[in-house]
Amino acid sequence: MIDVKQTLSDAGESMEMATMYLNDELQRIRAGRANVAILDGVRVDSYGSKVPLNQVASVMVPDARTIAIKPWDKKAIKDIEKAIMDSDVGITPENNGEMIRLNLPQPTEERRKDLVKQCNKIGERTKVQIRNVRSDIKEKLKKAIKDGLSEDNEKDAEDSLQRLHDKYIKQVDALLDEKQKEIMTV
C-alpha cells in the first residue's frame, strides 16, 4: 500500500526543485545590472574539453554595468572570448590582452518587455511542471484506493496536495513579480 506522507513529501520535493530551477533560470536573465550568473551557461574550450567559464578565469563585477573576466592562463583569452560570442549572453566582449570586459548596455523599453516575456515563458514552464507533479500524485492516490487506501485518506491527501501545489505556484508568481520589477526598473 502507498505511504501517503512519503508520497506528499516526494511531491513537495519535486515542486521545490521546479521552483529552484526557475530561480536559477531567472538569475541568468540580464536585467540591466551586472551579474556573474548570466555567464553560468558559458562553456570554454580548455585543453580539449568544454568547462565552465569560472573554472578557467576569475569573474568579477567591478561596477553595476561591467563584468570583468581575468583568465588564469593568458593563452585562454581567445577561447574565452569565442565562448562568450558563441553563447546566448548577447554581449560583445572587449579584450585588452590581459582581461575581458563585458559592458552591459541599458536595455531599451522594448528589450525590457522581451525579457519580461522570456521570464513569463520560463515561469509558465515551471508552473506546468508543478501541475504535472500534482497530476501524477493524484493518479497514484486514485490507484491506491484500489490497493486498500480509504477514500477519506485519499481525499485528505488530495487536499494536502492541492495546498502544496498552491504554495509553490504562489512562490513562482512571487519570483516572477520580483524579476519583472527588477527588469522594468530603469
Undergrad: Between I38 and V51, is there shared hydrophobic-cluster membership here, with clusters defined by ILVMFWY side-chain heavy atoms closer than 4.5 Å?
TA: yes
Undergrad: Which distance, rounded to the nearest 0.5 Å, do you find between the CD1 of I100 and the NZ of K78?
TA: 8.5 Å
Undergrad: Looking only at side chains, do R111 and T108 share a donor and an acceptor under 3.5 Å apart?
TA: no
Undergrad: Using a 3.5 Å cut-off and no angle test, enumerate the donor-acceptor pairs between side-chain atoms of residues 118-131 and protein atoms at least two apart in sequence or in another chain.
TA:
residue	atom	partner	partner atom	Å
N120	OD1	Q180	NE2	2.6
N120	ND2	V116	O	3.4
E124	OE2	R131	NH1	3.2
T126	OG1	I122	O	3.0
K127	NZ	D173	OD1	2.7

Undergrad: For the atom pair CD (Q162) and NE2 (H165), what is the distance rounded to the nearest 0.5 Å?
TA: 6.0 Å
Undergrad: Atom NZ of K5 and atom OG of S160: how far apart are they, to the nearest 0.5 Å?
TA: 10.0 Å
Undergrad: Calculate, to the nearest 0.5 Å, the distance between atoms CG and OG1 belonging to L102 and T92 respectively.
TA: 9.0 Å
Undergrad: Does CD in E151 sit with more than 12 non-hydrogen atoms of other residues, nucleotides or ligands closer than 6.0 Å?
TA: no
Undergrad: Donor-acceptor pair, R43 side chain versus K50 backbone, under 3.5 Å?
TA: no
Undergrad: Report, one line per pair, each donor and acceptor closer than 3.5 Å where one atom sits in a side chain of residues 79-86; sequence neighbours left out.
TA:
residue	atom	partner	partner atom	Å
E81	OE1	N95	ND2	3.3
K82	NZ	D86	OD2	2.8

Undergrad: Spell out, yes or no, whether I137 and I145 are grouped together once hydrophobic residues are joined by side-chain heavy atoms under 4.5 Å, including indirect joins.
TA: no
Undergrad: Can you list everything that forms a salt bridge (Lys or Arg N to Asp or Glu O under 4.0 Å) with E158? Sequence neighbours excluded, please.
TA: K142
Undergrad: Roughly how far, to the nearest 0.5 Å, is the CG atom of L141 from the CD atom of E139?
TA: 9.5 Å
Undergrad: Please list, chain by chain and in numerical order, all residues satisfying side-chain contact (heavy atoms from CB on, under 4.5 Å) with D63, sequence neighbours excluded.
TA: R65, T66
Undergrad: Let me have the donor-acceptor pairs involving side chains of residues 8-18, under 3.5 Å, with sequence neighbours excluded, atom names and distances please.
TA:
residue	atom	partner	partner atom	Å
D10	OD1	Q6	NE2	2.8
S14	OG	D10	O	3.1
E16	OE1	Y168	OH	3.1

Undergrad: Pair K113, E109 - check side chain to side chain contact (heavy atoms under 4.5 Å, CB included), show working.
TA: CA-CA 6 Å; K113 288 178 182 174; E109 187 69 24; 3.8 Å; yes
Undergrad: Under the side chain to side chain contact (heavy atoms under 4.5 Å, CB included) criterion, do L176 and V172 qualify, and how do the steps go?
TA: CA-CA 6 Å; L176 287 172; V172 167; 4.0 Å; yes
Undergrad: State, to 0.1 Å, how close A57 and P71 come at their nearest heavy-atom pair, and which atoms those are.
TA: CB-CA, 3.5 Å
Undergrad: What's the spacing between L26 CG and Y21 OH if we round to 0.5 Å?
TA: 10.0 Å
Undergrad: If hydrophobic residues (ILVMFWY) are linked whenever their side-chain heavy atoms come closer than 4.5 Å, directly or via other members, who joins M99 in its cluster?
TA: M60
Undergrad: Going by heavy atoms in the side chains, are P62 and R101 under 4.5 Å from each other?
TA: yes
Undergrad: I would like to know whether N132 and S135 meet side-chain hydrogen bond (donor to acceptor under 3.5 Å, both in side chains); could you show each step before the answer?
TA: CA-CA 5 Å; N132 287 342; S135 165; 5.7 Å; no
Undergrad: Can you find a pair of side-chain heavy atoms, one from I67 and one from L39, that are under 4.5 Å apart?
TA: yes
Undergrad: Could you tell me whether the side chain of Y47 reaches within less than 4.5 Å of the side chain of D73, counting heavy atoms only?
TA: yes
